[in-house]
Structures are given as C-alpha cells and as structure tokens.
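Just so you know, ligand 1 is whichever comes first in the structure, and atom 1 is the first atom listed for that ligand.
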Amino acid sequence: MSIQTVTRRYLLAALSTGPLLTRAAWAKAASGQAGTDRTAWYREAKFGMFIHWGPYSLASVEASWPIMRPSKEFPITEEQYRSLPRQFNPTKFDPHAWIALAKSAHQRYMVFTTKHHDGFCMFDSAYTDYKITNTPYKKDIVAQLAEACGRETMPLGFYYSPPDMNHPAFRDTSKLSSTNWNGEPTRAVWPTYLDYMELQLRELLTRYGDVVLIWFDGLYNQRKFDGERMHRAILEMQPPTLINNRIGIPGDFETPEQFLPASIPVKGKTLDFNHKDTGSQPNYVPAPEEFRLWETCMTINNTWAYNKSDRDFKSSQHLIRTLVEVASRGGNFLLNVGPQPDGTIQPEFAERLHAIGKWMDHNSESIHGTTYGPVQGLPSVRTTAKGRDVFIHVFDWPAAALELTAENLPKFRSARLLATGQSLDFHQKDRRLTLKLPAQAPDPDVSVIAMRAAV
Ligand code: H79
C-alpha cells in the first residue's frame, strides 16, 4: 500500500470519529479538576503487572532493540526478526491465567504491550497489516485480554510505543532500522505518522472498554510526537485515562525504569529516566502538594521479553523489599513478566509472584492505599502512611527494641504486628519512639508494625 493510500484512509477514518472535546474541557480533565482526582485509583493500587509480549518472545531476544541496536547480545538479523510473526501461534494464551497470577500477588492493574518499538500490533488495527490477526494465531490478543480484565475487574492499561520501526512515515523502511530508529520527523510524510498514532490510540480507546492508562515509551526526542495532540485524543475518548510522561510533555506520573529514585520525588526538581537523584535529601518528607506521582517499572530478571537464557532472577525477598521501598517513597511498582511464546508465564516468575502474594496476604494493608511515611532515609526501616496509621517496615530485625527518631511522628495510641495482630509495648518521648519487640522477626522478608495515631 502506498503512503498516499494509507493517508487517505487515515483521513476518512479521522472524519468519522466522535465529537471533539473543547480544549478547555480537555485541559480541565487533564489537570484533574474534572470532579474527582483522576489518579485516586492509581494511588490506591500501588502494585501492577507489566507484560511484554509479542512475536519477539519466540526468539528469546529483547523486544525491538535487536533491530534498532544490533549487538552480540541480540543475535538476530532484522530479516529474521521481521519473519517472527509468521510463526507466532500462542495456543496456550489464557488471559484468565494471567489475571489469576496478578491477583494472587495482590497486583491491582495490568499494563500490556499493544505495540512495541518494532511496530507490531497485538490488536487488530485497521491501519496496518503488521498485526496479530495476520499471524497463524489470527485472534486479537488485546481484545481477549480486555474482555477478561473487564469480567474480572482487573484495571487494564495499554503500553503504546511512539517509535515504530515498521511504519514508512516514521522512517525510511528501505533502510535498516539501526540507521534511522529515532525516526525522521523532517520528511514531508511525518504528519501521516502522527495521524497513524492518533488513529490507533482512538482504536485502543474505543474498542476495548475502559483503558485505565496509556504507557508511552521511547526515551529520545519525544517532542516530535506532538504529545499535546495525543493527550487530547486520549482524553476525548476517555477522560479518566491516565497518561505517563514519555511523550515529550508532563504526564500524570513519572516513570523511573529499572531503578528507584533516591528520595521522594517533588515538583520542580529533575527526575527523568536516568536520574536516580531527585534533588531532595534522602530524609526529606515533602508536603502532599509538593509530591510528584511516580511509578518504577522493573524486570524480574534482566529482560523485558521472555528470554530462556536469562536466569538472573531477583529473589522473592528482594522483590518484596523493592515493593516496600517503592511504597515508602509514595510510588507505584510495575513489575514485569515476559510470557513465553506459547502464552504461559514461566514458573520462575510465577513462583516469585506467589511469594510476594503470600507476604501481601498478611501485609497488604501497609501497601495498598498508602503514601510515603513520615520517617525517611534510615537504613533498614521503611515507613508508609494511610489516614491515622503509620506502617513501620523492618528489614533487619533488632535484638530487643526498635528506636526511631523523627521530627514529624504523631502521638501514637497503639502498636501491633500487622501479620499476627499481636500488640506491642512502646513509648514516645520528645521525637523518639521506642518499640519493644519479640525476639524473632515475624517475617523473614519484611516485618510490619502498624502504629495508630491518637486522632
Ligand atoms: O519496553 C521496555 C524497553 O524496551 C523500553 N522501556 C521498557 C519499559 C526502553 N526503551 N528505551 N529504553 C528502554 C532505554 C534504552 C536503552 C538502551 Fe539499549 C541502551 C538502548 C540502547 C542502549 C538496552 C541496551 C537496549 C539496547 C541495549
């Protein structure tokens, strides 16, 4: 199909979309003043499942990067990579099994790769042939996942990559992706690529029920994607949809990738994908209006896509502590799985999610619905807070007593071990809290003490 034909199709489809939201109505929705706080559910959820899955999963190579940055690490030619959809037939794909696994870990939302940088669509887009319905599998994966999530009340968000190696208006596709993977926005056809993006976003936001968030990706020169226009299109379709910060303009939340910010992110200070340092002190506790919402996304091993030779799994304890660590600084934790080519999730991932779930069975109260706690920057102790409760997470259990000194601790009325309900003796003098503890840590991974403030 020529670019001209494609363009005409875009224009026809664009004309048939619904009424436009006025810019003022959009701005209001975007700034969270449309009534309730759009981010309320997300702040409550805290813990989500990221899913990277596509034909690349067949080859045990990372998603898209093997053709954008060929290297010894990614041993596949662009031609081989591009032939993978012809073999993609995940007969064991069962969205209910994914949801059951997420629920067992107490994860409260999912984010799925509808299109990675390679441009392959896991949904039946009308605007490309490079898509799931043209594989031996034939069925729309996104539709099945969305249907199952709708039935089982699992909030679903869509990862959508602005960079697109397959689209001839994004880059000259007669060349290798490695030569022009950052796109060619100076070519005359570039606007047709932006049309394509907008139309696909409209498909994703009109066909698959509620889309709780759009997760854009790609880290370089994102201004070229006209983020304002894409935000407007998304919020016209679904005003509550949250949008991350990777399309060149600020979003609803920041997205540190594979790391945690060293302190609580605050407005007006640098925080981008490679800045661990947020510009504030490790023990700084911002006022609520200073806080910037954020989400760390992280892999369980070292790869986003399924890779049979990546055996470098983080331990369950490490993952539980990371979840606690993220929550203690007010963030969300989006933990990735890369399903196998057949659609199932490998046992090493499932085991770890089950282990997190076992910890959450007893301790989720200290995570869900909480925000950063009043004590920051201490070794081996992390706090979260919710209403009148402060949750003290202890990594290294002290011999007999736990002493905390902090400026802003409220006067407490009671203390109990969250996992067992056992009350603990404590006293407070000036800024110091002393808790008497049992000899044994109630939990080898993280023990939680729930403190209730006296009003
Ligand atoms: O989808 C996952 C990654 O593919 C994507 N974001 C997550 C969620 C991502 N896009 N850009 N980046 C990650 C950062 C880029 C890292 C790079 Fe590299 C370092 C690109 C080139 C050098 C990693 C290492 C990829 C190729 C070599």
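Using the six-membered ring where Trp is involved, W304 and H52 have ring planes that are tilted, between 30° and 60° apart.
The F50 neighbourhood of ligand 1 comprises atoms 8 (C), with distances under 4.0 Å to a heavy atom of that residue. Within ligand 1, counting atoms from 1 as listed, the ones closer than 4.0 Å to a heavy atom of H117 are 10 (N). The atoms of ligand 1 that sit less than 4.0 Å from any heavy atom of H52 are 1 (O), 2 (C), 8 (C). Listed by number with element, the atoms of ligand 1 under 4.0 angstrom from any heavy atom of L219 are 11 (N), 12 (N), 14 (C). The contact set between ligand 1 and Y159, taken as ligand atoms under 4.0 Å from a residue heavy atom, comprises 1 (O).
Using a 4.0 Å cut-off between heavy atoms, E62 makes no contact with ligand 1 at all. Contacts of H116 with ligand 1, taken as heavy-atom pairs under 4.0 Å, involve the side chain alone.
Side-chain atoms of Y196 and Q200 form a donor-acceptor pair, as typed in the model, at a separation below 3.5 Å. In the model, T303 has a side-chain atom that pairs as donor or acceptor with a side-chain atom of D310 under 3.5 Å. At a cut-off of 3.5 Å, with distance as the only test, no side-chain donor of H362 or D443 sits close to an acceptor on the other residue. Side-chain polar atoms of Q340 and S57 form no donor-acceptor pair below 3.5 angstrom.
Some N or O of E257 is nearer than 3.5 Å to an N or O of ligand 1, by distance alone. Polar contact check, W215 against ligand 1: no nitrogen or oxygen pair lies under 3.5 Å apart. Of the polar atoms of R69, none of the N or O atoms is found under 3.5 Å from an N or O of ligand 1, judged by distance alone.
Both tests pass for R82 against the ring of Y130: distance under 6.0 Å to the centre and angle within 45° of the axis.
The only member of Y56, Y160, W65, Y159 that meets side-chain hydrogen bond (donor to acceptor under 3.5 Å, both in side chains) when paired with H116 is Y159.
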